[in-house]
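Quick caveat: nothing in here was measured; it's all calculated off a predicted structure.
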Amino acid sequence: HQSRRALWATSAFTMEIIPNDSQAFRAAVDALKDFLPQAQLHIRSSGIKISGMDTSHVGYVDYFLAADDCATINVPAPLVIGINMPILSRTLSAVGAGDRVTISTNKSKEKLVISYTNEKLGRKAVYELNTLELDVDGMEIPDSSYAATVCARTGDIAAAMKEVGNFGDTLQLCLDEDGFHVSTSGDAGRVKQTLEGTDDREMEMTEDKVEAAFGTKYLLQIMKGGSALSTTTKLEFDANQPMRTTFRFGTGSHFLAYLAPKITE
């Protein structure tokens, strides 16, 4: 921490990042706040990384906005900033089409400065957010192989999970020769939707049938974040390890989410 404090005390230090897609950045922050009420922004010349485990310790998210997906990125030295994510999301909530968001630090380096401008409308807003001192352990997720893999349009998967999720707090995911099934059971009965294999859907499995159950709330949060970033979703799951959901966007940017399966009778 000493080297970081020394860096912040250096008056010559400046940092400025302007994402290419301000609305996508806003949507990502809005989704991440549900997982990480407080988070560290790891800012480097390669981009911005926001990652961590949710407060219930059932999910882990890894968001990375690559430098290639920024109109401007000026980061002379690596920087870690703790921030209240709901406040950051509230700050970005008014960002609309045509707005350009700039992420920087103030002169004393004690504030995260979010500004957005719209030249066509002649509008500019500046927010100086208090930073947090967070002691968060780093976490490396080992690469894993899964028994089931589904690649499909994000909208198709999100719609199936949302519609079925209205009927239960646990979603059962299943992949078999008939397709990818999303089902649940609740007081109203049992509901199931199936996405069959088509030319624009890839479905692979190492077993005849792969099943796993996950919390509805967390799945919907993940799909909410991914829907704003990528038109394609890759789901990898089985009953023995956390599901991995991958959304890739831009040039080298990604949003990964891991979710532990629920133990059902």
Trace of the side chain to side chain contact (heavy atoms under 4.5 Å, CB included) decision for Leu132 with Gln38: CA-CA 8 Å; Leu132 306 174; Gln38 296 182 340; 3.8 Å; yes
Single hit among Ile103, Val95, Ile17 for side chain to side chain contact (heavy atoms under 4.5 Å, CB included) with Phe25: Ile103
Quick one: CG on Leu173 to OG1 on Thr184, what's the gap to the nearest 0.5 Å? 10.5 Å
Angle class for the Tyr127/Tyr116 ring planes (parallel below 30°, perpendicular above 60°, tilted otherwise)? parallel
Verify whether one side chain among Gln241 and Asp238 offers a donor that lies under 3.5 Å from an acceptor in the other. yes
Got more than 12 heavy atoms from elsewhere within 6.0 Å of CG, Asp200? yes
If I take atom CD from residue Glu128 and atom OG from residue Ser104, how far apart are they, to the nearest 0.5 angstrom? 8.5 Å
Under the side chain to side chain contact (heavy atoms under 4.5 Å, CB included) criterion, do Phe214 and Thr170 qualify, and how do the steps go? CA-CA 6 Å; Phe214 302 92; Thr170 299; over 6 Å; no
With a sphere of 6.0 Å drawn around CD of Glu207, does it hold more than 12 non-hydrogen atoms of other residues, nucleotides or ligands? yes
CG on Leu171 to CG on Leu220, rounded to 0.5 Å: 6.5 Å
CG of Leu256 to OH of Tyr60: how many Å apart, nearest 0.5 Å? 9.5 Å
Flag the pair Met205 / Thr149 as yes when at least one side-chain heavy-atom distance between them is below 4.5 Å, and no otherwise. no
Judged by modelled atom types alone, do Asp69 and Asn20 share a side-chain donor-acceptor pair under 3.5 Å? no
Distance check, rounded to the nearest 0.5 Å: Ile222 atom CD1 versus Ser227 atom OG? 11.5 Å
When the ring planes of His254 and Phe64 are compared, do they come out parallel, tilted or perpendicular, using 30° and 60° as the limits? tilted
If the condition is salt bridge (Lys or Arg N to Asp or Glu O under 4.0 Å), which residues does Arg190 pass it with, not counting sequence neighbours? none
Start with the C-alpha gap between Ile114 and Leu88, add the side-chain angles, then the distance that decides, and say whether side chain to side chain contact (heavy atoms under 4.5 Å, CB included) holds. CA-CA 9 Å; Ile114 305 294; Leu88 179 58; 3.9 Å; yes
Salt-bridge criterion met for Asp99 and Lys124 (N-O under 4.0 Å): no
Is it true that atom NZ of Lys33 has more than 12 heavy atoms of other residues, nucleotides or ligands lying nearer than 6.0 Å? yes
Short N-O contact, Asp30 and Lys224, less than 4.0 angstrom: yes
Tell me if the NZ atom of Lys162 is crowded by more than 12 foreign heavy atoms within 6.0 Å. no
Quick check: are there more than 12 heavy atoms from other residues, nucleotides or ligands sitting under 6.0 Å from CZ of Arg100? no
Determine, step by step, whether Asp62 and Lys49 satisfy the side chain to side chain contact (heavy atoms under 4.5 Å, CB included) criterion, reporting the C-alpha distance in whole Å, the side-chain angles of both residues, the deciding distance to 0.1 Å, and the verdict. CA-CA 7 Å; Asp62 176 6; Lys49 181 182 178 69; 2.7 Å; yes
Can you get from Met15 to Ile83 by hopping between Ile, Leu, Val, Met, Phe, Trp and Tyr side chains that sit under 4.5 Å apart? yes
Under a 3.5 Å threshold, yes or no: a donor from one side chain and an acceptor from the other, between Thr206 and Tyr146? no
Salt bridge (Lys or Arg N to Asp or Glu O under 4.0 Å), that's the test. Do Asp169 and Lys217 meet it? Break it down for me. CA-CA 7 Å; Asp169 58 8; Lys217 179 180 74 171; over 6 Å; no
